[in-house]
Number of protein chains: 2
Amino acid sequence: MKIDNATAQMRKGVLEMCILASVSIERKYATEILNHLKSVDLIVVEGTLYPLLARLRSAGLVGYEWEESASGPPRKYYLLTKEGELFLNELTSGWNALHNSVKNLINPKSKKS
Amino acid sequence: MKIDNATAQMRKGVLEMCILASVSIERKYATEILNHLKSVDLIVVEGTLYPLLARLRSAGLVGYEWEESASGPPRKYYLLTKEGELFLNELTSGWNALHNSVKNLINPKSKKS
DNA sequence: CTTTAGTACCTTGCATTGCAAGTTACCTTT
DNA sequence: AAAGGTAACTTGCAATGCAAGGTACTAAAG
């Protein structure tokens, strides 16, 4: 199906922001992030998330804390650094700007400035 | 700069929709599309646009008409096919859904429906 | 007529990156 | 000990945005 691929495309590039936003609410480990995003209909999978988290970490935008789990292997809780918070603000600004541009493009009449 | 790269990332996947939307207003040739997108602050370049137009064409979403130019080489005017119109509708729906998801993620309180 | 400049089309190759699939490791239960 | 569940991570592929380069046509300048 073409449409599936296209909507998948649209999610690209927004993931970074979404993950930062998810973690900014409260520290989370990977599976929690996946479930959180899924709960707002943003399907992400492990193979996407882990490399992205690694990138965000090496960029200094997130840190993590290991914590033992009552049942199962230890968990790596990710949380935003101060840099990450600033960056998330910039990303949301960029996102809003994009949304605005697209709105103007699709519906040129409603320029509410 | 990190932020530039990130906002560039966000534009990915939305381009297809934007190009279809631009052409749907009236038939345009490549340079006009570029200028139109630039006018709403969506910077796209030739190297991106031409392969994408080729993809849209081979997917049957756009057609084109050659037309002589008073000054310069002939122009290839792109226009939406009926399939393309349907597809554009689906894309905008997907875009709205994405926007909604992100809104819920970033600002969980304002669930207006 | 030849050269330069402008416009328009298109292609090649690289780097990024989302994702499917597979791997390792720990803990609990049978 | 074996099986199952959870969690972290890696590898390799395919898609794709984009910089850079190339071709072709017209008009104007030399």
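Lettering follows sequence order; numbering is per chain, from 1.
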**Student:** Specify the residue among B:Pro74 and A:Val44 whose closest nucleotide of DNA chain C lies further upstream toward the 5′ end.
**Tutor:** B:Pro74
**Student:** From D:dA15, C:dA20, D:dC9, pick the nucleotide closest to the side chain of A:Glu46?
**Tutor:** D:dC9
**Student:** Would you indicate whether the side-chain heavy atoms of A:Leu53 and A:Lys76 approach each other to under 4.5 Å?
**Tutor:**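 No, their side chains stay 4.5 Å or more apart.
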**Student:** Under 4.0 Å between any heavy atoms, over every strand shown, what does B:Tyr77 touch: base, sugar-phosphate, or nothing? Just pick one.
**Tutor:** nothing
**Student:** Under 4.5 Å between any side-chain heavy atoms of B:Val102 and A:Val40, yes or no?
**Tutor:**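 A side-chain contact under 4.5 Å is absent here.
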**Student:** Go through residues 10-33 of chain B and report each residue with a non-hydrogen atom lying under 4.0 Å from DNA chain C, sorted by number.
**Tutor:**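 Result for residues 10-33 of chain B: B:Tyr29, B:Ala30, B:Thr31, sorted by number.
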**Student:** Check whether any side-chain nitrogen or oxygen of A:Gln9 sits under 4.0 Å from OP1 or OP2 of D:dT16, and answer yes or no.
**Tutor:** yes
**Student:** Could you note down all residue pairs passing salt bridge (charged side-chain N to carboxylate O under 4.0 Å, His left out) where residues 20-38 of chain B supplies at least one of them, sequence neighbours left out?
**Tutor:** B:Arg27-B:Glu65, B:Arg27-B:Glu67
**Student:** Check the distance between D:dA24's P and B:Trp66's CH2 and give it to me in whole angstrom.
**Tutor:**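 Rounded to whole Å, this separation is 13 Å.
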**Student:** Roughly how many Å is it from CG in B:Leu42 to C1' in D:dC18, rounded to a whole number?
**Tutor:**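 Whole-Å distance recorded here is 16 Å.
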**Student:** Check whether any side-chain heavy atom of A:Lys103 sits under 4.5 Å from a side-chain heavy atom of A:Asn100, and report yes or no.
**Tutor:** yes
**Student:** How close or far is atom P of D:dG17 from atom CG of B:Leu34, stated in whole angstroms?
**Tutor:**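 It is 14 Å, rounded to the nearest whole Å.
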**Student:** Look at the aromatic rings of B:Tyr64 and B:Trp66 and report parallel, tilted or perpendicular, splitting at 30° and 60°.
**Tutor:** perpendicular
**Student:** I need the CZ-P distance between B:Arg75 and C:dG6, as an integer number of Å.
**Tutor:** 17 Å
**Student:** With side chains defined as the heavy atoms from C-beta onward, is the minimum distance between B:Arg55 and B:Leu61 less than 4.5 Å?
**Tutor:**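 SC-SC contact between B:Arg55 and B:Leu61 ruled out.
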**Student:** Calculate the interatomic distance between A:Glu68 atom CD and D:dA7 atom P; express it in whole Å.
**Tutor:**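 Rounded to whole Å, this separation is 14 Å.
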**Student:** Take the protein atom CG of A:Leu37 and the nucleotide atom P of C:dG18, then report the distance between them rounded to whole Å.
**Tutor:** 13 Å
**Student:** Tell me the interatomic distance from A:Tyr64, atom OH, to D:dA7, atom P, rounded to whole angstroms.
**Tutor:**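 Answer to the nearest Å: 18 Å.
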**Student:** Parallel, tilted or perpendicular, judged at 30° and 60°: which one describes the rings of B:Trp95 and A:His99?
**Tutor:** parallel
**Student:** Short of 4.0 Å, heavy atom to strand atom, which residues of residues 47-55 of chain A count as contacting DNA chain C?
**Tutor:** A:Gly47, A:Thr48, A:Leu52, A:Arg55
**Student:** Measuring from A:Leu98:CG to B:Leu42:CG, what's the distance to the nearest 0.5 Å?
**Tutor:**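 Answer rounded to 0.5 Å: 6.0 Å.
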**Student:** Return the minimal non-hydrogen interatomic distance between A:Val44 and A:Leu37, and the atom names on each side.
**Tutor:**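 The pair with the smallest heavy-atom distance is CG2-CD1, 3.6 Å.
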**Student:** Take the protein atom CG of A:Leu56 and the nucleotide atom P of D:dC9, then report the distance between them rounded to whole Å.
**Tutor:**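 A:Leu56 atom CG is separated from D:dC9 atom P by 13 Å.
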